[in-house]
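I have placed the structure first, in the form of structure tokens, so that the comments after it can refer back to it.
All of these numbers come straight from a predicted model, not from anything done at the bench.
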Amino acid sequence: MRIVLIADAYPPLRSSGAVQLRDLTREFAAQGHDVTMLTPAPDQAEPFVIEHSHGVRIVRLKSPRTKDVNYVRRTLGEFLMPYAMLRGLRASSLAEETWDGVVWYAPTIFLGPIAAALKRRSRCRSYLIVRDIFPEWAVDMGLMGRGLPYRFFKAVERYQYSVADFIGVQTPGNLPYLAEWEAGHTGRQTEVLQNWLMQAANTGCSIDIHKDTALAGRKIFVYAGNMGIAQGMGILIELAQRLQSRRDLGFVFVGRGSDAAKLRQDTAELGLDNVAFFDEIEPDEIPGLYAQCDVGLVALDPRHKTHNIPGKFISYMHCGLPTLAIVNNGNDLVQLITQKDVGIVLTNREADSVTSSARELLDRIALDPDMSERCRRLAHEQFSSQAAVRQIVSAISSAAVSHQRTAG
């Protein structure tokens, strides 16, 4: 099939979304599909730049800046982004191309106009990959009320959903949120599309815990990813403080985010010598980092009411790292980690409970040498890019056949 993907995250960005889209496009190509990736490029002077990598045609389209800016500028930039991307695309050699399927990725919620334009021109079916439920999660977190900004974002969200024929959410717990959308039009369908990553080889890492920190020889708890409001990572610093007397343990935090500077400051003020912070690293270095570690850490703010299986959890599984997860009540990750026995998960954020669970997990890892293999098996069975591509292609293909029959 000829597939076009649209997303505002793609390498050289290092976010989990960018890595996921990179792996997805490469897997489309590996399975024999003709794939084109459209992504915004705010620092680009030209209206479009076309690249080729691993069988993927990557089209970078000049657009407003939406990263590392204030909320007002980000909202305006994201609103204008799809129209700027369309303008660049129409100036390119791809202006008249058509596709068999349009696939796009949220966040952001603002890509509906470009997805609609390409779908209309190609007369094809469309698949929206939804990885978070915005603006609902922002309301849950207390970042937004239900006033005018909320109503604006809801209107954008509803338009985006209206463009899609299929919507793939990341956990079963997200399906009820879209039940009304699915029932509102014949042919619409929602399904669970698990997060995915490609199995990556250990090619080394620029971070050498033995040489670059005072944590050499210790068992390492690692957190790699965004450090923002949605994560509620203060509990992890408190965990490190509670375990500071354990000279056989250390904590490594790698990444960036709105709370990163505060977390570093809190660590320094507490005088924690069992914690090391590093800036974001290249995605290809992650297996090399995890090979030096023993436990993966996941934290989600308890105010979340929507469901989320973070990309970092999947990367831990691919690398065989049992996970200590502190998540919101009712999150689907609770059942998954418990049933598959790949770590310990808590919805209780009391420091005593988290600390005792960390100790318990270390004991279980020592007594259960198969836990690491169970992690890898779970990643292969449920979180592979191969399965994600097959599922998306199956949906678009079946929808296309149904559409043809109806038209006939």
Side-chain angles (χ1 to χ4, degrees), residues 7-23 66-69 74 107-108 131-132 137 141 170 195 197-198 200 202-209 212-213 215 220-241 250-268 270 272 274-301 304 308-319 321-327 333 343 354 358 383:
D8 76 337
Y10 202 77
L13 292 180
R14 299 170 176 175
S15 66
S16 59
V19 175
Q20 280 194 301
L21 269 298
R22 178 202 66 185
D23 288 356
T66 61
K67 311 291 185 186
D68 300 320
V69 294
R74 175 176 177 175
T108 171
R131 299 296 89 170
D132 70 19
W137 73 261
M141 295 286 294
Q170 62 175 320
N195 272 331
L197 283 175
M198 278 185 167
N202 179 358
T203 58
C205 181
S206 57
I207 297 172
D208 187 326
I209 295 173
D212 299 336
T213 75
L215 307 179
I220 301 297
F221 290 80
V222 63
Y223 179 98
N226 187 56
M227 303 179 193
I229 296 173
Q231 284 68 45
M233 288 180 58
I235 187 62
L236 300 182
I237 302 302
E238 189 168 359
L239 174 63
Q241 183 183 18
F251 292 79
V252 171
F253 297 93
V254 180
R256 57 181 295 197
S258 59
D259 284 0
K262 182 180 184 302
L263 293 168
R264 288 176 185 252
Q265 181 180 347
D266 291 346
T267 299
L270 291 168
L272 301 184
N274 60 339
V275 176
F277 279 90
F278 293 91
D279 292 334
E280 193 176 47
I281 59 175
E282 292 291 342
D284 291 341
E285 298 183 67
I286 289 293
L289 171 67
Y290 291 168
Q292 305 172 64
C293 303
D294 301 275
V295 177
L297 294 171
V298 169
L300 291 173
D301 191 286
H304 281 294
N308 180 20
I309 296 182
K312 67 177 65 64
F313 169 74
I314 299 170
S315 69
Y316 297 152
M317 293 298 101
H318 272 289
C319 293
L321 272 187
T323 297
L324 177 66
I326 308 157
V327 301
L333 205 54
V354 174
F383 302 111

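- Taking both residues in full, the closest heavy atoms of Asn202 and Gly288 are given as OD1-CA, 3.1 Å, listed atom of the first, atom of the second, then distance.
- Gln292 contributes a side-chain N or O that, together with a main-chain N or O of Ile207, makes up a donor-acceptor pair within less than 3.5 Å.
- At a threshold of 4.5 Å between non-hydrogen side-chain atoms, the residues Asn226 and Ser16 do not count as touching.
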Practice problem: Kindly determine whether Leu236 and Ile326 satisfy side chain to side chain contact (heavy atoms under 4.5 Å, CB included), including the steps that lead there. | Solution: CA-CA 9 Å; Leu236 300 182; Ile326 308 157; 3.8 Å; yes
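- Residue Met317 holds its CE atom at 10.0 Å from OH of Tyr290, rounded to the nearest 0.5 Å.
- In this structure, Asp23 contributes its side chain and Met198 its backbone to a donor-acceptor pair below 3.5 Å.
- The backbone N or O of Ala240 sits less than 3.5 Å from a side-chain atom of Asn274, completing a donor-acceptor pair.
- Tyr10 pairs by the ring pair (Phe, Tyr, Trp, His ring centres under 6.0 Å) definition with nothing, not counting sequence neighbours.
- In this structure the side chain of Gln241 never reaches within 4.5 angstrom of the side chain of Val275, judged on heavy atoms.
- Ring geometry for Phe253 against Phe277 counts as parallel: the plane angle stays under 30°, on a 0 to 90° scale with 60° as the upper cut.
- Side-chain contact between Leu239 and Leu324: present, with at least one pair of heavy atoms (C-beta onward) separated by less than 4.5 Å.
- Side-chain contact between Cys319 and Leu289: absent, with no pair of heavy atoms (C-beta onward) separated by less than 4.5 Å.
- Between the CE atom in Met233 and the CG atom in Leu300 there is a gap of 11.0 Å [rounded to 0.5 Å].
- Atom CG of Asp266 and atom CG of Leu272 lie 9.5 Å apart (nearest 0.5 Å).
- When atom types are taken as modelled, the side chain of His318 and the backbone of Pro287 share no donor-acceptor pair closer than 3.5 angstrom.
- Remark: side-chain polar atoms of Tyr316 are paired, donor with acceptor, to backbone N or O of Val222 under 3.5 angstrom.
- With contacts defined as side-chain heavy-atom distances shorter than 4.5 Å, the pair Ile281/Arg14 does not qualify.
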Practice problem: For Ile209 and Cys293, run side chain to side chain contact (heavy atoms under 4.5 Å, CB included): C-alpha distance rounded to whole Å, both residues' side-chain angles, the deciding distance at 0.1 Å, then the answer. | Solution: CA-CA 9 Å; Ile209 295 173; Cys293 303; 3.9 Å; yes
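- When all heavy atoms are compared, the tightest approach of Ala18 to Pro11 is O-CD, 3.4 Å.
- Remark: the backbone N or O of Arg131 is paired with a side-chain donor or acceptor of Gln170 at under 3.5 angstrom.
- Nearest heavy-atom pair, Val254 versus Asp279, reported as atom, atom and distance to 0.1 Å: CG1-O, 3.4 Å.
- Heavy atoms of other residues, nucleotides or ligands lying less than 6.0 angstrom from NZ of Lys67 number more than 12.
- Taking CD of Gln265 as the start and CD1 of Ile237 as the end, the distance is 12.0 Å to the nearest 0.5 Å.
- Arg256 CZ: 12 or fewer foreign heavy atoms inside a 6.0 Å radius.
- In summary, Arg22 and Asp284 engage in a salt bridge, as defined by a charged side-chain N under 4.0 Å from a carboxylate O.
- Put simply, CG on Asp8 and CG on Leu21 are 8.5 Å apart, with the number rounded to the nearest 0.5 Å.
- Distance CG/Leu297 to CZ/Phe251: 6.5 Å, rounded to 0.5 Å.
- Considering only heavy atoms from C-beta on, Leu197 comes within 4.5 Å of Gln20 through its side chain.
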